[in-house]
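So the structure is just underneath, and the comments pick up after that.
To find a chain, count down the sequence lines: A is the first, B the second, and so on, and within it residues start at 1. Being a predicted model, the structure only gives us computed values, none of them experimental.
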Amino acid sequence: MTSFEEKVCAAIGKIPRGKVATYAAIARAIGRPRAARAVGNALNKNLFKSVPCHRVVLSTGRLGGYARGTAVKAKRLRGEGVLIRNGRINLNKFGFKV
DNA sequence: CTAATGACCATTA
DNA sequence: ATAATGGCCATTA
């Protein structure tokens, strides 16, 4: 576990149920404002099990990727009350500021 | 050391 | 609205 990944993990852990955060927001929160891409990279590799990594989405409101498939990601989010319309999420409503 | 690889982002056309 | 573009950055080979 690199320290970068630790921070990513910690930041994601703060996202409350029923809300989502963007990769860019996470990057900002850990002090690497331009490392959004690296954040996704870290998640993909680690497959964080005890962390709600499904609550991390693109800044456009789209889902983005998910190691086990975007279908699962969408399902889990819907299960938490996040409304997904046309494959997109309203960040003004469900976005969480870390 | 260099080069390649992404669960990305913002801008531009 | 969509598509292409250039940039960005931690990790890994």
Touch class at under 4.0 angstrom, heavy-atom based, for A/Ala38 against every strand present
base

- Look at A/Arg62 and B/dC9 and indicate whether a side-chain polar atom (N or O) is within less than 4.0 Å of OP1 or OP2. no

**Q.** Validation row: A/Asn90, A/Leu83 side chains within 4.5 angstrom (heavy atoms)
**A.** no

#### Entry: Joint hydrophobic cluster, A/Phe96 plus A/Leu91, side-chain heavy atoms closer than 4.5 Å
no

A/Val20 and A/Ile26: same hydrophobic cluster, using ILVMFWY side-chain contacts below 4.5 Å?
-> no

A/Asn46 CG to C/dA10 C1', in whole Å, measures 12 Å

From the candidates B/dA7, C/dG7, C/dA10, the one with an atom nearest any side-chain atom of A/Leu43 is B/dA7

* Would you say the side chain of A/Phe4 lies within less than 4.5 Å of the side chain of A/Ile30, judging by non-hydrogen atoms? -> yes

A/Asn86 atom CG is separated from C/dA1 atom C1', nearest whole Å, by 13 Å

Whether the side chain of A/Lys97 engages the backbone of A/Ala25 through a donor-acceptor N/O pair (distance < 3.5 Å, no angle test) should be reported. no

What nucleic acid atoms does A/Tyr66 come within less than 4.0 Å of, heavy atoms only: base, sugar-phosphate, or nothing?
base

Sequence neighbours excluded, the answer for salt bridge (charged side-chain N to carboxylate O under 4.0 Å, His left out) partners of A/Glu80 is A/Arg55

Margin query: Is there a side-chain contact between A/Ser59 and the phosphate of B/dC9, meaning an N or O under 4.0 Å from OP1 or OP2?
Written below: yes

ask   = Can you find a pair of side-chain heavy atoms, one from A/Phe48 and one from A/Cys9, that are under 4.5 Å apart?
value = yes

So, with a heavy-atom separation below 4.0 Å from DNA chain B, the residues of residues 19-35 of chain A are A/Tyr23, A/Ala24

Distance col, row A/His54:NE2 vs A/Thr70:OG1, nearest 0.5 angstrom, shows 14.0 Å

A/Asn41 CG to C/dA10 P, in whole Å, measures 11 Å

Counting only Watson-Crick and G-U wobble pairs with both atom distances below 3.5 Å, the stems of 3 or more consecutive pairs that include DNA chain C are B:2-6 with C:9-13, B:8-13 with C:2-7

Which of B/dA7, B/dG6, C/dA10 is nearest the side chain of A/Arg37? It is B/dG6

note: A/Ile15, atom CD1; B/dA7, atom P; distance rounded to Å ~ 18 Å

- Please check if the side chain of A/Asn46 supplies one atom and the backbone of A/Ala42 the other of a donor-acceptor pair under 3.5 Å. yes

Whole-Å distance, A/Asn44 CG to B/dA7 P, equals 4 Å

